[in-house]
Amino acid sequence: MPRLSRWFLCAAAFYLLGGVTAGALMLSAPAIGVTIPGWVLPLHIEFVMIGWAVQLAMGIAYWILPRHRSDHGRGNEPLAWAAFLTLNAGVLLAGTGWLITPAGGLPALGHGAELLGAIGFAINIWRRLPRSIAPPLRPLPIL
Amino acid sequence: MICLLLGLIAGAVATISPSMAAIRPTWIHLITVGWLTQLIFGVALWMFPRPRTEPAKAGTLGWVGFWLLNAGLLLRIVGEPMRGFTASGAAILPISALLQLVAVASLLWALWPRVRAR
């Protein structure tokens, strides 16, 4: 398993634990008489859906998709690392941002970072997709 | 697969009957926890490369996680719709939450040596 995949999986595990803890607090709150602040629900959703499920899928895809022969096999490694870091910054901002900026400024920035991370990851993984699924990327014609 | 089927049925019921909207969280968690998370852990425990010396406890931890997760989910399926009607419905939800939390920790602990190994 490549090092970056290990990082993806470790980060996914961290978010799963954090997300499930937030969910457990929300589920228990009425019975134990605790009021849970509103920012816990978006944190729960963000951590579990993007931090855990999406990141796990990315880590496995980076590891398991067929490698191509032309370079080191897994594409542009710095780009893949940048995508990983950007995505994680995005999940942290989108998940915890409501606590700091209730108007939604930081979460919006976080979602933008998640999008950038996902685009970076997709560009890097594109050439490793089977040709029947992914046509080769071509530069746009100059008009 | 059972959770997926139950989840789809719960989703249909919640959509058709507005009075059953309270089971919406149950429906979402049946699919995301009962089906998706269990599918992920099931495939990971089967497919992730084992280290040469995998601790004997790894298999036990996996089973503990499986049973706790399903017990927690079952309590949630029972407790969440009852929450509005009886105090016992609300009372079993913290137990459900704790079981699911311990289950996830246990499953991650079982997988950890496989992610760490080179």
Side-chain angles (χ1 to χ4, degrees), chain A residues 1-36 38 40-67 74 84 88 91 95, chain B residues 22 25-26 28-29 31-33 35-41 43-44 46-51 65 68-69 72-73 75-80 82-84 86-118:
Chain A
M1 193 186 294
R3 202 162 139 239
L4 180 58
S5 286
R6 283 180 220 286
W7 275 89
F8 266 122
L9 296 181
C10 289
F14 163 77
Y15 287 119
L16 178 66
L17 267 182
V20 169
T21 305
L25 282 174
M26 285 189 293
L27 192 60
S28 314
I32 56 177
V34 176
T35 309
I36 297 292
V40 179
L41 178 62
L43 180 139
H44 170 64
I45 296 170
E46 202 64 42
F47 275 24
V48 173
M49 295 308 291
I50 311 289
W52 157 242
V54 171
Q55 196 149 218
L56 181 98
M58 286 179 169
I60 302 277
Y62 187 76
W63 166 38
I64 221 162
L65 279 173
R67 285 184 269 174
R74 290 198 164 91
F84 167 75
N88 277 279
V91 173
Chain B
T26 312
I28 295 169
H29 286 90
I31 292 179
T32 54
V33 179
W35 178 64
L36 186 63
T37 304
Q38 288 203 83
L39 184 87
I40 288 170
F41 276 112
V43 172
W46 160 47
M47 219 186 82
F48 278 18
R50 288 164 200 249
L68 290 183
L69 193 75
L73 207 54
L75 285 182
R76 181 172 195 160
I77 296 169
V78 176
E80 207 151 39
M82 279 166 56
R83 180 160 58 178
T86 64
S88 59
I92 60 175
L93 289 178
I95 304 168
S96 158
L98 186 67
L99 289 178
Q100 290 180 75
L101 186 60
V102 176
V104 163
S106 171
L107 288 166
L108 287 175
W109 193 3
L111 273 180
W112 184 246
R114 302 191 190 195
V115 177
R116 246 188 52 199
R118 295 197 174 266

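Just so we're on the same page: letters track the sequence lines, and every chain starts at 1. The figures that follow rest on heavy atoms only: side chains count, while hydrogens, waters and symmetry mates do not.
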>> Please verify the inter-ring angle class for B:Phe41 with A:Trp52; under 30° counts as parallel, over 60° as perpendicular, anything in between as tilted.
In response: parallel
> Using non-hydrogen atoms only, which part of B:Leu101 is less than 4.5 Å away from chain A: side chain, backbone, both, or neither?
Replying inline: both
> When rounded to the nearest 0.5 angstrom, what distance separates CD1 in A:Ile60 from CE in B:Met47?
Replying inline: 5.5 Å
>> Counting only heavy atoms from other residues, nucleotides and ligands, does the tally under 6.0 Å from CE of A:Met26 exceed 12?
In response: yes
>> Can you confirm whether B:Val115 sits close enough to A:Cys10 that some side-chain heavy atom of one is under 4.5 Å from a side-chain heavy atom of the other?
In response: yes
> Taking B:Arg76, B:His29, B:Gln100 one by one, which has the highest count of heavy-atom pairs under 4.5 Å against chain A?
Replying inline: B:Arg76
>> Under a 4.5 Å cutoff for heavy-atom pairs, which residue among B:Leu36, B:Val104, B:Ile40, B:Thr37 has the most contacts with chain A?
In response: B:Ile40
>> Take a 6.0 Å sphere around CH2 of A:Trp63 and say whether it holds more than 12 heavy atoms from other residues, nucleotides or ligands.
In response: yes
> What part of A:Leu56 gets closer than 4.5 Å to chain B, counting heavy atoms only: side chain, backbone, both or neither?
Replying inline: side chain
>> With rounding to the nearest 0.5 angstrom, report the OG to CG distance, A:Ser28 to B:Leu98.
In response: 8.0 Å
>> I need the residue from A:Ala31, A:Ala53, A:Ala29 with the largest number of non-hydrogen atom pairs under 4.5 Å to chain B.
In response: A:Ala31
> Can you find a heavy atom in the side chain of B:Leu108 that is under 4.5 Å from one in the side chain of A:Leu17?
Replying inline: yes
